[in-house]
Amino acid sequence: MYKKAAEFWAELRVELLSASAFLTNDKPNSSQLWRLYWASHQRFFRHMCMSAKVPAVVRLAKQALMENKSVVIGLQSTGEARTEEAVTKYGFELDDFISGPRELLLKFVEENYPLPEKPESLPEESVKELQRKRHSATPGVSFRGRVRKVAKWKAVSDDESDEESDYSEPESTESDDEFQICDMCNSEEERKKLLQCSCCGQLVHPACLVPPVIDAVSGDWSCHSCKEKTDEYLQARHAYIAELLKRYEGAMERKSKILDIIQSLELPNNPLDDIIDQLGGPDNVAEMSGRRGMLVRASGGKGVAYQARNTKDVTMEMVNMHEKQLFMDGKKLIAIISEAGSAGVSLQADRRAVNQKRRVHLTLELPWSADRAIQQFGRTHRSNQASAPEYRLLFTNLGGERRFASIVAKRLESLGALTQGDRRAGPTLSAYNYDSAYGKRALMMMYKGIMEQDSLPVVPPRCSIEKPDTIQDFIVKGKAALVSVGIVRDTTLGSVKDTGKLSGRIVDSDMHDVGRFLNRLLGLPPEIQNGLFELFVSILELLIQNARTEGHFDTGIVDMRANTIELLGIPKTVHVDHMSGASTVLFTFTLDRGITWESASALLDEKQKDGSASTSNGFYESKREWMGRRHFLLASEGKVIGA
């Protein structure tokens with residue numbers, strides 16, 4: 001299911017790229033489209049990861065109930081928005097639970113698929129209006145107009161010739177009939193019979209036209225030239241609109257096909273509704289969330305119906321407290337809490353409550369921030385509890401899901417005393433924090449290796465140095481995968497000479513962006529997703545190991561271990577705080593991690609007693625000085641004994 005969904009998202013990206021090519025003038029909307037695409041992409045696959053854990057959650061919950069324990073299931077998102085949209089669209093009674101990923105995909109495509117603007121049909125304009133518009137765009141001057149302009153110019157000249165007079169005669173309001181002449185025969189005869197073109201305004205005798213006009217004409221009569229040009233204009237306009245309409249209908253057809261494919265995809269149901277249904281329904285499960293309604297399976301077992309979470313006796317504002325009380329009273333032994341239900345609720349095995357069974361806290365979905373994670377964990381671990389809770393954090397084996405653990409681990413490590421005041425105060429989380437300086441270097445090295453700009457520092461998973469073809473095959477698949485999720489850009493397919501290799505580039509900002517890599521990794525089929533993630537982690541571990549070997553790796557607070565530890569000199573005060581008076585003191589120690597001469601000699605004698613001992617066994621002196629002194633080594637064939 002996950003693999004098919006990943007393939008669909010890759011195809012959808014290609015489809016959106018080709019559809020956007022017709023909208024080159026709409027650059028801002030294009031960037032908005034891709035922001036929404038990647039945001040929906042991440043939410044979709046996060047939802048898929050959650051759904052993959054539902055069977056395990058149900059199994060662990062039933063197992064805990066059999067062991068006489070109570071279960072608290074923690075998640076963040078309830079899928080209420082998708083559910084309400086589906087209920088509005090399909091009605092209150094449905095065949096099955098809503099699939100959150102499907103509704104998310106449908107909404108994204110319906111609202112954001114790039115469509116060319118739908119062309120409007122030609123307005124019902126009169127030919128006279130069209131002709132007037134066309135003529136106003138390319139105006140001409142008739143002979144009659146020239147005569148009129150000359151006449152007016154002469155009148156103005158006459159006024160200006162009288163320099164002494166400041167009086168100018170008013171413009172003559174006499175009719176222009178005296179200038180009305182036929183534009184074809186230039187004759188002033190039969191002025192009253194002249195026809196005037198409603199478009200260009202020229203005057204002609206009916207008899208001068210070919211063929212001559214005998215019948216009476218309407219007021220919007222136009223000459224043959226104007227009528228011909230108007231017809232050509234209308235034909236071109238109709239053809240243009242028909243082409244735009246064809247493009248629009250083609251895009252609508254493609255969009256409709258994509259929506260049909262989404263409807264046919266097999267996708268999981270909303271995890272919250274699915275868990276409640278599989279654990280016995282709302283009668284057995286107490287829900288503390290922010291949603292107002294839920295989908296409940298019908299009594300007959302066929303279909304589901306949407307109903308409000310509250311009853312007549314309980315208001316919507318008090319429904320979470322009512323559900324919490326049912327859980328604490330032991331009437332319901334399973335509770336589900338979302339982010340909205342993670343504040344102000346105590347669900348521990350309180351000595352004052354009826355339900356004092358040990359709590360098993362299952363975390364289905366980690367929140368984005370560490371404080372929210374601690375907030376939700378704290379619901380079941382509080383004062384006056386009869387027993388401490390068991391915490392079970394569920395993860396799939398998908399490399400991309402480590403993204404969510406990485407964020408929480410990074411922020412948990414920064415909380416302070418939990419992991420830094422004393423390293424024994426909490427478990428180490430550095431194994432999940434990939435967004436570090438070493439993580440960024442590892443990512444850059446992996447990208448350069450896949451883009452064949454440099455060699456990979458480690459052998460990719462399921463590959464062998466003896467079989468270089470396997471390494472090359474992994475690089476080709478890895479590059480194609482990075483292309484499909486938009487990390488490798490500006491791709492072109494190489495020539496036959498290059499055996500059809502993909503070429504492209506990774507922008508500088510992406511070369512160190514571990515967060516983006518883990519986000520996009522989610523959208524790959526599981527096999528290549530895990531392969532790329534394992535390669536990344538292998539390079540990261542190599543870098544950390546090298547840093548440890550070279551003494552650069554910061555391990556935080558460490559215990560000093562040696563055979564002998566001696567204080568060198570007296571402690572030195574290096575800083576005194578002016579406000580509190582607290583001082584920072586430097587202690588310098590000499591550590592001897594070697595073994596004594598007597599112990600080394602005894603070890604060598606014991607080795608020599610064995611008849612099969614190598615003649616190479618013995619003491620060795622270093623050729624060069626290290627830290628100002630020569631070092632001596634006791635070595636036996638196969639391993640180092642001590643120094």
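Index from 1, following the sequence. Here the structure is a predicted model, which is why all the values come from computation and not from measurement.
Between the side chain of Arg382 and the backbone N or O of Gly378, at least one donor-acceptor pair lies under 3.5 Å. Proximity of a side-chain donor or acceptor of Gln385 to a complementary backbone N or O of Ala349 within less than 3.5 Å is not detected. Remark: side-chain polar atoms of Gln529 are not paired, donor with acceptor, to backbone N or O of Gly523 under 3.5 angstrom. Under the 3.5 Å distance criterion, the side-chain polar atoms of Ser99 are matched with a main-chain donor or acceptor of Pro268.
For residues 318-329, every residue pair satisfying the side-chain hydrogen bond (donor to acceptor under 3.5 Å, both in side chains) rule, not counting sequence neighbours, is listed here: Arg309-Asn320, Glu323-Lys332, Gln325-Asp329. Residue pairs meeting the salt bridge (Lys or Arg N to Asp or Glu O under 4.0 Å) criterion with at least one partner in residues 57-74, sequence neighbours excluded, are Glu67-Lys69, Lys69-Glu390. Listed by first then second residue, pairs satisfying salt bridge (Lys or Arg N to Asp or Glu O under 4.0 Å) with a partner in residues 261-280 read Asp273-Arg291, Asp277-Arg297, not counting sequence neighbours. Screening residues 70-79 for salt bridge (Lys or Arg N to Asp or Glu O under 4.0 Å) gives no qualifying pairs among residues at least two apart or on separate chains. Counting only residues at least two apart or on different chains, the salt bridge (Lys or Arg N to Asp or Glu O under 4.0 Å) pairs with a member in residues 517-538 are Arg462-Glu534.
Asn519 has its side chain out of reach of Trp38: every pair of non-hydrogen atoms, C-beta onward, lies at least 4.5 Å apart. Residues Phe45 and Leu521 fail the side-chain proximity criterion, which asks for heavy atoms closer than 4.5 Å. Proximity of Arg254 to Lys257: side-chain heavy atoms (C-beta onward) are nowhere separated by under 4.5 Å. Residues Val360 and Leu60 are not in side-chain contact: their nearest non-hydrogen atoms beyond the backbone lie 4.5 Å or more apart.
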Between Ser40 and Leu105, does a side chain to side chain contact (heavy atoms under 4.5 Å, CB included) hold up when you go through it step by step? CA-CA 8 Å; Ser40 302; Leu105 255 178; over 6 Å; no

Given Lys107 and Glu110, is the salt bridge (Lys or Arg N to Asp or Glu O under 4.0 Å) satisfied, shown in steps? CA-CA 5 Å; Lys107 184 180 180 185; Glu110 282 173 353; over 6 Å; no

Working note: Leu33 + Phe108, criterion side chain to side chain contact (heavy atoms under 4.5 Å, CB included); need CA distance, chi angles, decisive distance, verdict. CA-CA 10 Å; Leu33 167 69; Phe108 170 73; 4.1 Å; yes

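The neighbour count for Arg358 CZ, taken as heavy atoms of other residues, nucleotides or ligands under 6.0 Å away, is above 12. Atom CG of Asp260 is surrounded by more than 12 heavy atoms from other residues, nucleotides or ligands within 6.0 Å. Counting heavy-atom neighbours within 6.0 Å of Lys255 NZ, excluding the residue itself, gives a total above 12. Heavy-atom neighbours of Glu93 CD from other residues, nucleotides or ligands within 6.0 Å: at or below the threshold of 12.
Residues Glu80 and Thr78 have side chains that never bring a donor and an acceptor to within less than 3.5 angstrom of each other.
Taking the six-membered ring where tryptophan is involved, the planes of Phe92 and Tyr306 are tilted, since the angle between them lies from 30° to 60°. Taking the six-membered ring where the residue is Trp, Phe377 and His361 present perpendicular rings, their angle passing 60° and hence far from 30°.
The only option from Ile334, Leu347, Val345, Ile336 that meets the side chain to side chain contact (heavy atoms under 4.5 Å, CB included) definition with Phe327 turns out to be Leu347.
Not counting sequence neighbours, Gln545 has no partner by the side chain to side chain donor-acceptor pair (under 3.5 Å) test.
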